[in-house]
Amino acid sequence: MNKDVINLTIPRKPDYISLVRLTTSGIAYSMGLNVDDIEDIKVSIAEACINSLMSDDGEEISLVFEIDEEKLSIEVVNVKENIPDDLEEKKERELGLLIIKSLMDEVVFNEDGIKMVKYIEDDDQ
């Protein structure tokens, strides 16, 4: 299977996070992920989008979904791992990052944002 790449760009508004969750759910379902994994991914993608909303960088949130036989990788721009101490929503953002790290199989931060990975489990093992 070739790696499929889906790009999604939404306005930087909370109203569109449900669209991202729905899109993510559809992609994960089409890959054959189980219901629990799909829910974990939906929660994680929502937390990443909320973090990106709070960063105030640009007018859009860009997401890239990479689909292959073994995993679903999702990149979200402007997600910050290091949260300044003077932000009043610091604890909320830290909790969101903790949720992402606990639900996804792999989480990597870079200068652009976050990359989250969920591996497809082989039910035969």
Joint cluster assignment, Ile50 & Leu95, ILVMFWY side-chain distance < 4.5 Å: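 No, no single cluster joins them.
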Measuring from [X]:[atom1] to [Y]:[atom2], what's the distance to the nearest 0.5 Å?
{"X": "Leu103", "Y": "Ser44", "atom1": "CG", "atom2": "OG", "value": "4.5 Å"}
{"X": "Met104", "Y": "Asp40", "atom1": "CE", "atom2": "CG", "value": "8.5 Å"}
{"X": "Met31", "Y": "Asp4", "atom1": "CE", "atom2": "CG", "value": "9.5 Å"}
{"X": "Ser73", "Y": "Glu75", "atom1": "OG", "atom2": "CD", "value": "7.5 Å"}

Is the shortest heavy-atom distance from the side chain of [X] to the side chain of [Y] under 4.5 Å?
{"X": "Asn7", "Y": "Val5", "answer": "yes"}
{"X": "Lys115", "Y": "Ile74", "answer": "no"}
{"X": "Asn51", "Y": "Leu97", "answer": "yes"}
{"X": "Glu47", "Y": "Ile99", "answer": "yes"}
{"X": "Met116", "Y": "Val76", "answer": "yes"}
{"X": "Leu53", "Y": "Arg12", "answer": "yes"}

Side chains of residues 58-66: which donor-acceptor partners sit under 3.5 Å, not counting sequence neighbours?
{"unit_1": "Glu66", "atom_1": "OE1", "unit_2": "Lys3", "atom_2": "NZ", "d": "3.4"}

query: Does Glu94 have any side-chain hydrogen bond (donor to acceptor under 3.5 Å, both in side chains) partners at least two apart in sequence or in another chain, and if so, which?
result: Lys90
task: Could you pull out all residues at least two apart from Lys42 that satisfy side-chain hydrogen bond (donor to acceptor under 3.5 Å, both in side chains)?
output: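 So Lys42 forms a side-chain hydrogen bond (donor to acceptor under 3.5 Å, both in side chains) with Glu39.
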task: Keeping to residues at least two apart or across chains, list the side chain to side chain donor-acceptor pair (under 3.5 Å) pairs with something in residues 21-30.
output: none
query: Run the side chain to side chain contact (heavy atoms under 4.5 Å, CB included) check on Glu69 and Ile120 step by step: do they pass?
result: CA-CA 8 Å; Glu69 294 175 359; Ile120 300 172; over 6 Å; no
For Ile41 against Ala28, the heavy-atom pair lying closest together: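 Where Ile41 meets Ala28 most closely, the heavy atoms are CD1-CB, 4.2 Å.
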task: Give the intermediate values and the outcome of side chain to side chain contact (heavy atoms under 4.5 Å, CB included) for residues Leu72 and Val117.
output: CA-CA 6 Å; Leu72 171 61; Val117 178; over 6 Å; no
query: If you look only at pairs with a residue in residues 29-38, which of them pass as a salt bridge (Lys or Arg N to Asp or Glu O under 4.0 Å), with sequence neighbours excluded?
result: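 Only Asp37-Lys118 qualify under salt bridge (Lys or Arg N to Asp or Glu O under 4.0 Å).
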Let me have the donor-acceptor pairs involving side chains of residues 77-84, under 3.5 Å, with sequence neighbours excluded, atom names and distances please.
{"unit_1": "Asn78", "atom_1": "ND2", "unit_2": "Asp57", "atom_2": "O", "d": "3.0"}
{"unit_1": "Lys80", "atom_1": "NZ", "unit_2": "Asp57", "atom_2": "OD2", "d": "3.2"}
{"unit_1": "Glu81", "atom_1": "OE2", "unit_2": "Lys101", "atom_2": "NZ", "d": "3.4"}

Contacts under 3.5 angstrom, residues 106-114 side chains, donor-acceptor by atom type, not counting sequence neighbours:
{"unit_1": "Glu106", "atom_1": "OE1", "unit_2": "Tyr119", "atom_2": "OH", "d": "2.6"}
{"unit_1": "Asn110", "atom_1": "OD1", "unit_2": "Asp112", "atom_2": "N", "d": "2.8"}
{"unit_1": "Asn110", "atom_1": "OD1", "unit_2": "Gly113", "atom_2": "N", "d": "2.9"}

